[in-house]
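Quick note: residue numbers are just sequence positions, from 1.
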Amino acid sequence: MLTLQALGIHALMRVGVKHVLGAPIPLAWRRAYIEAVARQLPLPDGVTTQHLPLGDVASVRLRPSVESSLLHVLHLHGGGFVAGSPRLSLSFAGHLARACGCTVDLPDYRKAPEHPYPAAVQDAWTAYQALITSGVEPRRLIVAGESAGAALALSVALRARDERSSSPVAVVLLSPWIDLDAVNVGGRLRAADPVLSVRAAKRVARLYAPPDHFRRASPARSSLTGLPHLIVHCGQYEILRPQAEAFVTRARAAAVPVTYRVQPKMWHDVHAMAAIVPEAHHAVDELAATLLETVRRPERDSGSC
């Protein structure tokens, strides 16, 4: 049984997000609308923010009043590659920082169509390398992303593997949009999703990259062998769930450790609603527990304190 808060937000999302963003509105309006929605999601008490660039990428750093872990999270916000800012992930990141007792960085990567693929991927990599250079240990560094940001997080992990650079201990993919050309889903799931529409996804995908670049811009199509622990969450009622499940199947076949969780009766990027939906708050707490366990496991295995 869903809480009253979840039922109410579900109805509001269908009218105020899916129908609005699914319409062919100007991109400037879409961006302003997403920022306005994000501002309704409060930062939790006891978390401070600081504008602190990572390399030449503007970024916001969140810290809880009590840091109880050495875990460090680099989180890439969503927005379909064309909209959004750290503001979009601020509430979620604040709840995660408090639940984990850790620092979270939110880079403000470049957006299409002004800066098409691979500009955002390059910015994500620059931010990641800046953290490594600053002394953040890879065994305590987690790269995360929601929706389109998940593609950037996965791209960072793939590049670290390919260049034999320092790899993060884990990669978090929340409601991941990691295959630009895989949004053709059945009518029942299209109708059930209260946030995303296939039409809108296809429209913004072409702003990010031309169709003949979709494969290159879709990290889910890369070889997955050798990736670190993948933590994948998605809602039961979202059109991106089939591609998340196909990705999880491929990753497990490549012997990559995967923790996969479907949030029952939830929608796209439900974690962002942690401040107002109890089910979303629980999902963030569950994610935090998984992250802390992931970081502690190598320490136990090596016998260190």
Side-chain angles (χ1 to χ4, degrees), residues 13 16-39 53-60 74-90 105-128 143-156 158-159 173-185 190 193 195-222 238-240 243 268-269 272:
M13 296 284 278
V17 177
K18 184 174 185 176
H19 287 222
V20 173
L21 298 184
I25 61 175
L27 181 56
W29 294 7
R30 177 185 299 271
R31 288 170 170 169
Y33 187 81
I34 288 175
E35 289 295 311
V37 170
R39 290 184 183 280
L54 298 176
D56 59 1
V57 180
S59 187
V60 176
L74 176 69
H75 182 74
L76 290 310
H77 68 78
F81 304 105
V82 300
S85 71
R87 173 75 251 186
L88 189 59
S89 293
L90 205 61
D105 283 309
L106 302 173
D108 192 7
Y109 58 85
R110 289 172 289 174
K111 314 299 186 299
E114 297 89 345
H115 305 283
Y117 172 83
V121 176
Q122 293 169 343
D123 286 353
W125 179 253
T126 295
Y128 176 74
V143 180
E146 58 191 285
S147 193
L152 307 181
L154 181 56
S155 295
V156 166
L158 288 167
R159 182 167 175 178
L173 309 176
L174 306 177
S175 293
W177 189 17
I178 47 182
D179 189 341
L180 296 182
D181 208 23
V183 289
N184 292 314
V185 297
R190 289 190 190 206
D193 191 324
V195 180
L196 298 180
S197 71
V198 171
R199 180 175 57 184
K202 289 183 175 181
R203 186 185 303 126
V204 298
R206 284 167 171 76
L207 294 177
Y208 179 56
D212 59 349
H213 281 58
F214 275 8
R215 184 175 185 87
R216 188 182 309 170
S218 298
R221 301 194 184 192
S222 302
E238 64 171 303
I239 59 173
L240 296 178
Q243 70 167 254
H268 179 71
D269 196 15

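- Scanning both residues, Pro113 and Pro116, for their nearest heavy atoms gives O-CD, 3.5 Å.
- Here the OG atom belonging to Ser89 is positioned 7.0 Å from the CG atom belonging to Asp269, to the nearest 0.5 angstrom.
- For Leu74 against Ala124, the heavy-atom pair with the smallest separation is CD2-O, 4.2 Å.
- Counting only heavy atoms from C-beta outward, the side chains of Ser197 and Arg190 never approach each other to under 4.5 Å.
- The salt bridge (Lys or Arg N to Asp or Glu O under 4.0 Å) test applied to Arg110 returns Asp123, not counting sequence neighbours.
- Residues forming a side chain to side chain contact (heavy atoms under 4.5 Å, CB included) with Ala112 (at least two apart in sequence, or on another chain): Val82, Tyr208.
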- request: Applying side-chain contact (heavy atoms from CB on, under 4.5 Å), run through Tyr33 and Val37 and close with a yes or a no.
  value: CA-CA 6 Å; Tyr33 187 81; Val37 170; 3.8 Å; yes

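- The backbone N or O of Leu54 sits nowhere less than 3.5 Å from a side-chain atom of Ser59 that would complete a donor-acceptor pair.
- Residues passing the side-chain hydrogen bond (donor to acceptor under 3.5 Å, both in side chains) test with Ser85 are Glu35, sequence neighbours excluded.
- By the salt bridge (Lys or Arg N to Asp or Glu O under 4.0 Å) test, Asp105 is found to be paired with Arg61, residues two or more places apart in sequence or in another chain being considered.
- To the nearest 0.5 Å, atom CG of residue Leu196 and atom CE of residue Met13 are 8.5 Å apart.
- In this view, Arg30 satisfies the salt bridge (Lys or Arg N to Asp or Glu O under 4.0 Å) rule with no residue, not counting sequence neighbours.
- Summarising the geometry of Arg216 relative to Tyr117, their closest heavy-atom pair is O-OH, 3.1 Å, with the distance given to 0.1 Å.
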Under the criterion side-chain contact (heavy atoms from CB on, under 4.5 Å), I'd like the reasoning laid out for Val185 against Leu240: C-alpha separation, chi angles, the key distance, then a yes or no. CA-CA 9 Å; Val185 297; Leu240 296 178; over 6 Å; no

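- Taking each heavy atom of Ile239 and Asp193 in turn, the nearest pair found is N-OD2, 2.8 Å.
- Distance NZ/Lys111 to CG/Leu27: 11.0 Å, rounded to 0.5 Å.
- Residues forming a side chain to side chain contact (heavy atoms under 4.5 Å, CB included) with Pro53 (at least two apart in sequence, or on another chain): none.
- For His77, the ring pair (Phe, Tyr, Trp, His ring centres under 6.0 Å) partners two or more places apart in sequence, or in a different chain, are Tyr109.
- Contacts of His19 classified as side chain to side chain contact (heavy atoms under 4.5 Å, CB included), with partners at least two apart in sequence or in another chain: Arg14.
- Heavy-atom minimum distance, Ala153 versus Gly145: CB-N, 3.9 Å.
- The line from CZ of Arg87 to CG of Leu106 is 10.5 Å long, rounded to the nearest 0.5 Å.
- Here the CD1-CZ distance, from Ile25 to Arg203, works out to 8.5 Å after rounding to the nearest 0.5 Å.
- Here side chain to side chain donor-acceptor pair (under 3.5 Å) pairs that include residues 173-183, with residues two or more places apart or in two chains, are Ser175-Glu238, Asp179-Arg221.
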CA sep, side-chain torsions, deciding dist, call: Asp56, Thr126, side-chain contact (heavy atoms from CB on, under 4.5 Å)
CA-CA 8 Å; Asp56 59 1; Thr126 295; 3.5 Å; yes

- Between Val20 and Trp29, does a side-chain contact (heavy atoms from CB on, under 4.5 Å) hold up when you go through it step by step? CA-CA 10 Å; Val20 173; Trp29 294 7; over 6 Å; no

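- Taking CD1 of Ile178 as the start and OG of Ser155 as the end, the distance is 9.5 Å to the nearest 0.5 Å.
- Here the side chains of Pro210 and Asp212 are in contact, with some heavy-atom distance below 4.5 Å.
- In terms of the salt bridge (Lys or Arg N to Asp or Glu O under 4.0 Å) criterion, residue partners of Arg31 (sequence neighbours excluded) are, by chain and number, Glu114.
- With hydrogens and angles disregarded, no donor-acceptor distance shorter than 3.5 Å links the side chain of Glu146 to the backbone of Leu174.
- When all heavy atoms of Pro107 and Leu76 are compared, the pair lying nearest together is CG-CD1, 3.9 Å.
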